[in-house]
Amino acid sequence: MSKLNQPLSGNQMPRFAGPGTLFRLPPQGTAQGLDVCFIGVGLDIGTSNRTGARFGPRQIRQESALIRPYSMATGAAPFDSFQIADIGDIALNTFNLAASLDTITQHYKDILKHTVKPFALGGDHTITLPILRAIAGKYGPVAMVHVDAHTDTNDTMFGEKITHGTIFRRSIEEGLIAPAKMVQIGVRGTGYNKDDFDWSRQQGVRVVQAEECWYKSLEPLMTEVRQQIGADTPTYISFDIDGLDPSAAPGTGTPEPGGLTSTQALEIIRGCYGLNIIGGDLVEVSPPYDTSGNTALLAANLLFEMLCSLPGCTRQH
Ligand code: MN
Ligand code: MN
């Protein structure tokens, strides 16, 4: 028997009962001794339209109760490969965005004193900026696989420099990301200006609009992405659930028609296998708009797939 933490099986405790941790893993207070940790970052005061992402971590954990330990498609066995735990939530100040950002960075700096790969359950996309400040402090500028309906590269929104729609401009300006090793997949919809996606391209980012993805497998794209980034570069996955079509992920704050399918989302995350993934996040799940629970269920599955794509994840065949 493995000494690694295992999800509590549905054959030991019904899936509608038992612990409320992600994947029903044993809870743990710190990242000590872990290879991978999950952190709830339920911030939603950086969002521009619908709120509710503060409830994302709790709902993703709830829907994750259905996830079993092995991928039937890839044979990946993350819980036989890594010591993984849910280390709980960050105590945000929901009355103060700036203070919350500093709290997130400090919390991540403490986590990153350990040799652990952190994955965040959002929360709106604003959380990625303070997370990257800590990540880049450890690794330097990282490569970035960013899935989203939006580039999140506005200069300001309503005059504010830090919102969920400005974070990737700030991250590139602050040198947290290597833009030549960044790809943004799924962007679409209406813009403030017709050149809204150009700023990313001017920095050297590869921008893949949703229309380029329609009706296609994204496996060839991910082969190109792996070549663009290379196998050794520390790489972060930032997955905004609104990258998916609202038919697949309605529970989000700024939905845009014509998005990626859940199949394509799986192809993107599975296509990250072979990259040096050092962390990631799954953001913008807003449970009040997720009447079926499908958005949070999909989010939980995508987080499982991120585990399966970590370097060193064993595969059973
Ligand atoms: Mn976003
Ligand atoms: Mn978005």
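Everything quoted here is computed from the prediction, not taken from an experiment. Both counts, for ligands and for their atoms, begin at 1 and track the order of listing. The analysis underlying the following values was restricted to heavy atoms, covering all of them including side chains, and did not include hydrogens, waters or symmetry mates.
The nearest N/O/S atom of Asp242 to the Mn ion (ligand 2) is OD2. Nearest to the Mn ion (ligand 1), among the N, O or S atoms that His125 has, is ND1. The N, O or S atom of Asp240 with the smallest distance to the Mn ion (ligand 2) is OD2. The atom name of the N/O/S atom in His150 closest to the Mn ion (ligand 2) is ND1.
Annotation for Asp232: atom CG does not count as buried by contact number, only 12 or fewer foreign heavy atoms lying within 6.0 Å. More than 12 heavy atoms of other residues, nucleotides or ligands lie within 6.0 Å of CZ in Arg226, so this atom counts as buried by the packing criterion. Within 6.0 Å of NZ on Lys109 lie no more than 12 heavy atoms contributed by other residues, nucleotides or ligands.
Counted by atom type alone, Asp148 and His150 present one or more donor-acceptor pairs between their side chains at under 3.5 Å.
The Mn ion (ligand 1) does not have His146 among its coordinating residues (no N/O/S atom, backbone or side chain, under 2.8 Å). Coordination check, Glu284 versus the Mn ion (ligand 1): failed, since every N/O/S atom of the residue sits at 2.8 Å or beyond.
Looking at Asn294, its side chain never comes within 3.5 Å of a backbone N or O of Asp290 through a donor-acceptor pair.
Taking the six-membered ring where tryptophan is involved, the planes of His146 and His125 are perpendicular, since the angle between them exceeds 60° and thus also 30°.
Taking the Mn ion (ligand 1) as the apex, the angle formed with OD2 of Asp152 and OD2 of Asp148 is 90°, to the nearest 10 degrees.
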